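One structure is given here, and the rest of the page talks about it.
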There are 2 protein chains.
Amino acid sequence: MSESSAAVRNTRQRSAVSALLGEMEGFHSAQDLHAMLRQRGERVGLTTVYRTLQGLADAGEIDVMRPPGGEHLYRRCSEGHHHHLVCRVCGRTVEVAGPAVESWADRVAAQHGYADVSHTLEIFGTCPTCPR
Amino acid sequence: MSESSAAVRNTRQRSAVSALLGEMEGFHSAQDLHAMLRQRGERVGLTTVYRTLQGLADAGEIDVMRPPGGEHLYRRCSEGHHHHLVCRVCGRTVEVAGPAVESWADRVAAQHGYADVSHTLEIFGTCPTCPR
DNA sequence: TGCGTTTTTGACAATCATTATCGTTGCCAC
DNA sequence: GTGGCAACGATAATGATTGTCAAAAACGCA
Ligand SMILES: [Zn+2]
Ligand SMILES: [Zn+2]
Ligand SMILES: [Zn+2]
Ligand SMILES: [Zn+2]
């Protein structure tokens with residue numbers, strides 16, 4: 001018994017949020033995305049934006065970043081495990097993969113007897129187009 | 001002229017917070033530390049605990065961790081740049097150094113033209129004493 | 001196409017860590 | 001000593017995120 005339906009329904013709001021994420025370049029907050037939707041004339045509640053983003057994040061369809069002292073930022077990324085190189089001025093983001101880092105983290109954790117290992121890694125800097 | 005005094009005054013409250021951090025083993029939140037101080041009979045305001053922790057963090061004397069969906073956690077660490085391997089059950093923390101990771105991050109950033117590079121890295125797992 | 005069931009929505013209230021206020025306290029250089 | 005100025009702290013404010021719950025909308029099925 002039990003699992004009968006994934007029961008994920010197709011709604012106008014969910015599509016709107018997902019579509020918007022498809023067009024956005026960098027990371028954006030829930031509040032930002034909500035404001036953009038409103039300007040487009042899309043009628044979507046803030047609560048729904050939060051819920052949708054959370055769902056997409058849980059499903060691994062979008063990435064979440066928690067910058068120091070700010071709101072959560074969301075972005076549609078390419079598939080597979082990767083990390084972000086972010087401009088701390090304009091937010092321009094580059095996806096970077098580092099197999100060596102991945103294995104290093106797992107190895108270090110194993111050496112100390114830690115199991116079920118995961119990690120977070122973000123690189124910050126000022127991008128070429130943001131002199132000064 | 002200019003720099004005359006660091007102007008950092010010695011106060012009973014600052015000493016209390018700093019001393020407490022010296023005895024604590026893992027990471028603790030501002031609210032936790034404040035509660036501990038009160039139980040000891042130390043009379044320190046919550047605002048002051050926040051301010052002191054922030055100051056110590058800015059001065060690089062303590063490390064801050066921002067676990068997903070929780071408060072900021074503080075801990076007195078050894079000197080020098082390092083990262084943390086944290087048990088997501090009990091909080092037991094091991095400091096780890098990874099020169100290879102440091103250079104990798106800098107190299108990747110440089111390749112993309114990013115300057116003034118910094119990074120954040122945390123490894124999570126369940127420690128040996130937290131079976132299951 | 002109409003219906004019932006179940007999910008989703010969204011306006012609004014609630015949470016809660018952190019920050020801002022601002023009058024009082026007390027450190028410390030002189 | 002004492003005056004100036006940093007630090008304190010009770011309290012209010014902030015603000016992102018989450019909880020609530022009645023109403024709206026999907027969708028499987030007839
Ligand atoms: Zn930039
Ligand atoms: Zn990784
Ligand atoms: Zn543990
Ligand atoms: Zn590092």
Side-chain angles (χ1 to χ4, degrees), chain A residues 1-21 27-59 61-75 91, chain B residues 1-21 27-59 61-75 91:
Chain A
M1 359 258 97
S2 56
E3 96 251 79
S4 43
S5 57
V8 174
R9 295 181 182 179
N10 249 354
T11 66
R12 169 178 57 78
Q13 295 88 340
R14 190 185 301 274
S15 301
V17 172
S18 197
L20 180 58
L21 282 171
F27 279 89
H28 294 276
S29 71
Q31 315 246 10
D32 270 0
L33 295 168
H34 177 247
M36 295 179 198
L37 289 172
R38 299 208 74 216
Q39 287 192 329
R40 289 187 175 200
E42 301 276 0
R43 200 171 321 290
V44 182
L46 177 58
T47 304
T48 298
V49 173
Y50 271 105
R51 263 192 305 240
T52 302
L53 289 173
Q54 218 164 35
L56 289 172
D58 288 346
E61 290 192 38
I62 62 176
D63 283 359
V64 189
M65 188 174 27
R66 312 179 4 81
E71 325 103 287
H72 294 185
L73 302 180
Y74 303 88
R75 183 202 192 199
Chain B
M1 328 274 103
S2 55
E3 96 253 77
S4 42
S5 56
V8 174
R9 296 184 181 175
N10 247 355
T11 66
R12 167 179 57 79
Q13 295 88 339
R14 189 183 301 272
S15 301
V17 171
S18 196
L20 179 57
L21 281 170
F27 279 89
H28 294 276
S29 71
Q31 316 247 8
D32 270 0
L33 295 168
H34 176 247
M36 294 179 197
L37 288 172
R38 299 209 75 216
Q39 287 192 328
R40 289 188 175 201
E42 301 278 359
R43 201 172 322 291
V44 183
L46 177 58
T47 304
T48 298
V49 173
Y50 271 106
R51 262 191 305 239
T52 302
L53 290 172
Q54 219 164 33
L56 291 172
D58 289 346
E61 291 192 39
I62 62 177
D63 284 359
V64 189
M65 187 173 32
R66 312 181 0 84
E71 326 103 287
H72 295 186
L73 302 180
Y74 304 87
R75 182 202 192 198

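Heavy atoms only: backbone and side chains are in, while hydrogens, waters and symmetry mates are out. Computed from a predicted model, the values in this text were never measured in an experiment. Residue numbering restarts at 1 for every chain, and letters A, B, ... go by the order of the sequence lines.
- Rounded to 10 degrees, the angle between the two end axes of the helix from C:dT1-D:dA30 to C:dC30-D:dG1 is 40°, with five pairs used at each end.
- In this structure, B:Leu73 and B:Pro67 approach most closely via the heavy-atom pair CD1-CG, 3.8 Å.
- The footprint of chain A on DNA chain D, defined by a heavy-atom cutoff below 4.0 Å, extends from D:dA16 to D:dC27.
- Proximity of residues 28-45 of chain A to DNA chain C (heavy atom under 4.0 angstrom from any strand atom) is restricted to A:Arg43, A:Val44, A:Gly45.
- Going from atom CZ of A:Arg66 over to atom P of C:dA17 covers 14 Å, rounded to whole Å.
- Between A:Gln13 atom CD and C:dT7 atom P the separation is 17 Å, expressed in whole Å.
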#### Entry: Working for side-chain contact (heavy atoms from CB on, under 4.5 Å), residues B:Gln31 and B:Tyr50
CA-CA 8 Å; B:Gln31 316 247 8; B:Tyr50 271 106; 3.0 Å; yes
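- Rounding to the nearest 0.5 Å places CE of A:Met65 at 8.5 Å from CZ of A:Arg75.
- Taking all atoms of both residues into account, the shortest heavy-atom contact from B:Leu37 to B:Ala16 is CD2-O, 3.9 Å.
- Between A:His72 atom NE2 and C:dA17 atom C1' there is a gap of 12 Å when expressed in whole angstrom units.
- For A:Arg40, the salt bridge (charged side-chain N to carboxylate O under 4.0 Å, His left out) partners two or more places apart in sequence, or in a different chain, are A:Glu23.
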Distances under 3.5 Å only, N/O to N/O: pair up the protein atoms with those of nucleotides 21-24 of chain C.
none

### Heavy-atom protein contacts under 4.0 Å, nucleotides 25-30 of chain C, coded B base, S sugar-phosphate only, - none
-BBS--
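- Of the candidates A:Leu46, A:Val44, A:Leu53, A:Leu53 is the only one forming a side chain to side chain contact (heavy atoms under 4.5 Å, CB included) with A:Leu33.
- Here the CZ-OG1 distance, from A:Arg14 to A:Thr48, works out to 9.5 Å after rounding to the nearest 0.5 Å.
- Atom CZ in B:Phe27 sits 9.5 Å away from atom CD1 in B:Ile62 (nearest 0.5 Å).
- Once rounded to the nearest 0.5 Å, the distance linking NE2 of B:His34 with CD of B:Glu42 reads 11.0 Å.
- Looking at B:Arg12 and B:Arg43, their side chains come closer than 4.5 Å, going by heavy atoms from C-beta outward.
- Along DNA chain C, the nucleotide nearest B:Leu46 and the nucleotide nearest A:Leu46 are compared for position; the residue whose nucleotide lies closer to the 5' end is A:Leu46.
- One finds the CG atom of B:Asp63 at 11.0 Å from the CG atom of B:Leu21 (value rounded to the nearest 0.5 Å).
- Between the CD atom of A:Glu61 and the OG atom of A:Ser18 there is a distance of 6.5 Å, given to the nearest 0.5 Å.
- Using a 4.5 Å heavy-atom cutoff, the side chains of B:Arg66 and A:Arg66 are in contact.
- In this structure the side chain of B:Gln13 never reaches within 4.5 angstrom of the side chain of B:Val49, judged on heavy atoms.
- A donor-acceptor contact closer than 3.5 angstrom is absent between the side chains of A:Tyr74 and A:Gln54.
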